[in-house]
Amino acid sequence: MRVATWNVNSIRQREGHVRRWLETHKPDLLFLQELKCETPAFPAGGFEALGYRCEMVGQKAYNGVAVLARLPFAVTHRALPGLGPEDAAPARYIEGVAEGITFIGLYLPNGNSGGEAGFATKLRWMEALHARAAALLADDVPLVIAGDFNVCPTDEDFAPGALPPTDALVRPESRARFRSLLWLGLTDAVRALHPTGPVYTFWDYQAGAWPRDMGLRIDHVLMSPTLAERLTEAVPDRRERGEEKASDHVPVVVGF
DNA sequence: ATGTCGGCCTTTGGCCGA
């Protein structure tokens, strides 16, 4: 099975990129983030023509997540369980089952806007995710969590100088909660196969981040033990960042 | 050098979020 996650930074701007990428890589599932459109504006037809069914959670202007699936995918949740109404309203979460595996596609709050209140929202979100993952693992469900976590887990996960130490993506509170997810028994797929060195998934549009390779690793795929031990491939598709009108994130692909 | 995007409204440029 091959599964990918990709923050596309507007699906209407990136429909052609996604179509081309699907035709080349033919993943079984592709999780998308930052759709930036409401459900009726989602260009489903272009993906259905390639054999992919679309399930999306949209909202105007910001956020938005989807899964494109060429095998049956039964959606079970369109918001992260355990969040209060205000935290759950933004379109950041989709969960469902395919081939007996539970998949979570997520777009975690960045945490840099809205001051300390905005950062606290990010931490609450991560704590609810921890509770959700713990509940699923307690039932011995094979689990994959894929998406834009907006966390650089370690200092190896961003280019020196790419972020100040005060950034919400590297603050110790964010990293501690990411580690707590791993401590549940989940495997960070890319790091399992590429244990050291930079494996970036994002390069800012600003400041020549791409030509200078000033990247971050913030898009992750976490897998439960029985899936992780079958892992054959886990890599960001760097090439995609060099395309015309690219998203600032690239797809991360896992095979198992 | 916070140097670019995308979307929205305040609408043909300024704002927010990233």
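A:L136 and A:I101 fall into different hydrophobic clusters, where Ile, Leu, Val, Met, Phe, Trp and Tyr residues are linked whenever their side-chain heavy atoms come under 4.5 Å apart, directly or through other members.
For the pair A:R230 and A:F256, the cation does not sit on the ring face, since its NZ or CZ is not both under 6.0 Å from the ring centre and inside 45° of the axis.
One can place CD of A:E244 at 10 Å from P of B:dC5, the figure rounded to the nearest angstrom. As rounded to whole Å, 13 Å separates atom P of B:dG6 from atom CD1 of A:I11. If you measure from atom CE of A:M214 to atom P of B:dT4, you get 16 Å, rounded to the nearest angstrom. For the pair A:Q33 CD and B:dG6 C1', the interatomic distance rounds to 16 Å; values are reported in whole Å. Atom CH2 in A:W203 sits roughly 16 Å away from atom P in B:dC5 (whole-Å rounding). A:K60 places its NZ atom 15 Å from the C1' atom of B:dG6, with the value rounded to the nearest Å. Atoms CD (A:E15) and P (B:dG6) sit 15 Å apart, rounded to a whole Å.
Annotation: B:dT10 and B:dC16 have their P atoms spaced 14 Å apart (nearest Å). Separating the P atom of B:dG14 from that of B:dG3 is a span of 15 Å, rounded to the nearest Å. When the C1' atom is compared between B:dA1 and B:dG6, the two are found 23 Å apart, to the nearest whole Å.
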Could you pull out the protein-nucleic contacts involving nucleotides 12-18 of chain B (nitrogen or oxygen on both sides, under 3.5 Å)?
| from | atom 1 | to | atom 2 | distance (Å) |
| --- | --- | --- | --- | --- |
| B:dA18 | OP2 | A:S113 | OG | 2.8 |

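When only modelled atom types and interatomic distance are considered, A:W21 and A:D237 share a side-chain donor-acceptor pair under 3.5 Å.
Between A:F149 and A:L222, some side-chain heavy-atom pair lies under the 4.5 Å cut-off.
Among A:T201, A:N7, A:N150, the single residue meeting the side chain to side chain donor-acceptor pair (under 3.5 Å) criterion with A:D219 is A:T201.
Remark: A:R212 is not in phosphate contact with B:dG3, judged by side-chain N or O atoms under 4.0 Å from OP1 or OP2.
Contact annotation for A:A207: base contact, defined as any heavy-atom pair under 4.0 Å involving a base atom.
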Could you pull out every donor-acceptor pair under 3.5 Å between side chains of residues 168-176 of chain A and any protein atom, sequence neighbours left out?
| from | atom 1 | to | atom 2 | distance (Å) |
| --- | --- | --- | --- | --- |
| A:R171 | NH1 | A:E116 | OE2 | 2.9 |
| A:R171 | NH2 | A:E116 | OE1 | 3.4 |
| A:R171 | NH2 | A:E173 | OE2 | 3.3 |
| A:S174 | OG | A:A168 | O | 2.7 |
| A:R175 | NE | A:C152 | O | 2.8 |
| A:R175 | NE | A:P153 | O | 3.4 |
| A:R175 | NH1 | A:D155 | OD1 | 3.1 |
| A:R175 | NH2 | A:T154 | O | 3.2 |
| A:R175 | NH2 | A:D155 | OD1 | 3.0 |

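Shortest non-hydrogen contact noted between A:V235 and A:V190 is N-CG2, 4.2 Å.
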